[in-house]
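Encoded as structure tokens, the structure appears first; notes follow it.
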Amino acid sequence: MAKIGIMGHGTVGSGVAKILFDSAELMANRAGEPVEVAKILDLRDFDDLPYSDRFTKDVNDIIGDDSIDVVVECMGGIGAAYQFTKMALLAGKHCITSNKELIATHGKELLSIAAKKKVNYLYEASVGGGIPIVRPLRQCLAANHIVRIAGILNGTTNYILTRMKDGGVAFDMALKEAQELGYAELDPSADVLGHDAQRKICILSHAAFGAELDTSMISCSGIDTLTREDMVYAKEMGRIIKLIAMSQRTDEGYYALVAPMLVPLGSPISVVNDVFNGVMVRGDMVGDTMFYGRGAGMLPTASAVCGDIIDAIWHKNDVKAADKYSDEAPKALDPADAPTRLFVRIKGLEHSEEEAYVLEKMEDIRIVRLSRYPDEFGFITREAPLKVLNEEVDALKCRVEVLQRIRYESL
Ligand code: HSE
């Protein structure tokens, strides 16, 4: 019998409890022994559940209980979740988390404690909700040098962008829907501003090629400045706007970023809609692979947690070499030095001074004009380092009004 302590009975924690109760027989068969929820930590009262008797408000009822083998942390945040996970690992318990903020912030320390205490610390659910991605990168694709990871890693923003594009729904309404569906973070600005995706690409870069768990060099911009006009231009250019997280390995190191991008409609990423996430991984042996599925929500995320529970039970006495990389961590490079193209919108009538000025100052651009927006135009730049393109566009501001700039990528 494996005994489980669950910390946090929110969206994900309640999903884990539900699977462990509703699918007890399947879990026992897969794990090779019964899997029992011993305790659930939450400050709130839950009186009407079939497992209401398991709740506690005292973390020591989990940490101090020697019969509990595996602790699942679904509290979120990096306050109590960090303290309690550290306590659980130091007490020799295997730990599992869906908390990407915790892994991206304190993962290095927590994984090293896990290694010292010879326990597993698994975090499949921290990226991509129910999609297997951490384990495939670390294990199934371990014979590859991973060259690039690129995709949609935030379900909330993908849901919002899909609703804005297809349903003509306003940003605030789409966000409210995502919150009601249990997709958004407690503070949805982490979704909207790209920080959630930033943490996830940080974790995937670590899983893929041993990059440090450190978000400080990962540039990040969100979807908060996108407008209806941007969506119309995208459509007219045969593209779609997606919030893309990308990590690219180079000979010098790697660079990672999160930004809205204009993606061609032919790209596999362009058809990843609603709450779905899609991640393309390119390895030097396997070529291109794609991982697709529900990136948020109670049961998809709990499914990933429960897979980790089974893995931890299988390896109770034989801890997985979870974080061993013999290579040195690659250097984190500045993503602003990496080449890209930009799509830029400028205020200005056709054949206006503004248009002439832009044509004079910007090298090798393609103008995009839509008849429905006669007092403005767009242009697509050549490929050059982002820093260079941004400087050129910033310099235009002394004579023209720059309405928008979005990366224009060929994913
Ligand atoms: N808020 C996250 C998302 C939840 O929308 O993707 C899953 O990590």
Side-chain angles (χ1 to χ4, degrees), residues 8 10-16 72-78 81 96-105 107 122-135 137 149-164 169 171-207 213 215 218 220-224 226 242-246 258-260 269 272-279 291-308:
T11 304
V12 181
S14 62
V16 173
V72 174
E73 181 270 308
C74 302
M75 302 169 68
I78 53 170
I96 288 156
T97 187
S98 58
N99 186 339
K100 51 260 160 182
E101 188 178 5
L102 184 59
I103 292 288
T105 312
L122 305 176
Y123 48 92
E124 180 62 63
S126 66
V127 183
I131 310 172
I133 180 67
V134 174
R135 195 169 276 101
L137 280 173
I149 306 164
I152 295 167
L153 291 180
N154 184 267
T156 301
T157 44
N158 206 38
Y159 182 85
I160 292 172
L161 291 175
T162 306
R163 294 289 284 141
M164 285 171 73
V169 174
F171 176 89
D172 290 348
M173 181 54 73
L175 172 59
K176 192 160 171 278
E177 286 176 12
Q179 286 175 298
E180 281 164 8
L181 289 163
Y183 302 155
E185 297 300 299
L186 277 180
D187 172 5
S189 63
D191 298 295
V192 170
L193 301 178
H195 298 138
D196 179 75
Q198 183 192 36
R199 291 165 189 145
K200 289 169 177 168
I201 197 68
C202 170
I203 293 168
L204 293 189
S205 304
H206 176 74
L213 284 165
T215 53
I218 303 179
C220 176
S221 46
I223 63 166
D224 52 320
L226 296 176
K242 293 289 186 190
L243 183 68
I244 301 292
M246 188 159 88
V258 175
I269 287 294
V272 177
N273 287 318
D274 296 312
V275 70
F276 285 83
N277 284 191
V279 194
F291 300 84
Y292 171 84
R294 286 182 187 279
M298 178 173 92
L299 291 177
T301 312
S303 147
V305 171
C306 289
D308 274 353

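Just so you know, ligand 1 is whichever comes first in the structure, and atom 1 is the first atom listed for that ligand.
- Contact check on R135 versus D308 returns a salt bridge, with a Lys/Arg side-chain nitrogen under 4.0 Å from an Asp/Glu carboxylate oxygen.
- For ligand 1, the polar-atom distance check finds an N/O of G155 within less than 3.5 Å of one of the ligand's N/O atoms.
- Below 30°, between 30° and 60°, or above 60°: for F276 and Y292 the angle between ring planes is below 30°, a parallel geometry.
- Residue D191 has at least one heavy-atom neighbour below 4.0 Å for each of these atoms of ligand 1: 1 (N), 2 (C), 3 (C), 5 (O).
- Nearest approach of G130 to A304, heavy atoms of both residues: CA-CB, 4.4 Å.
- For atom 5 (O) of ligand 1, the candidate residues are D187, N158, T156; the nearest heavy-atom contact is made by T156.
- Nearest heavy atoms, D196 versus K200: OD2-NZ, 2.6 Å.
- Within the 4.0 Å heavy-atom criterion, neither part of V275 lies near ligand 1.
- For the ligand labelled ligand 1, residue A184 lies inside the 4.0 Å heavy-atom shell.
- For C74 against V16, the heavy-atom pair with the smallest separation is SG-CG2, 4.4 Å.
- Of all atoms in ligand 1, listed by their number and element, those nearer than 4.0 Å to a heavy atom of G295 are 6 (O), 7 (C).
- Contact atoms of ligand 1 toward K200: 2 (C), 3 (C), 6 (O), 7 (C), 8 (O) (distance under 4.0 Å to a heavy atom of the residue).
- Taking 4.5 Å as the limit, every side-chain heavy atom of L181 sits out of range of all side-chain heavy atoms of V275.
- Side chain of T162 to backbone of N158: a donor-acceptor contact under 3.5 angstrom is found.
- Checked by distance only, ligand 1 and Y183 come closer than 3.5 Å through their nitrogen or oxygen atoms.
- Remark: ligand 1 atoms within the under-4.0 Å shell around heavy atoms of E185 are 1 (N), 2 (C), 4 (C).
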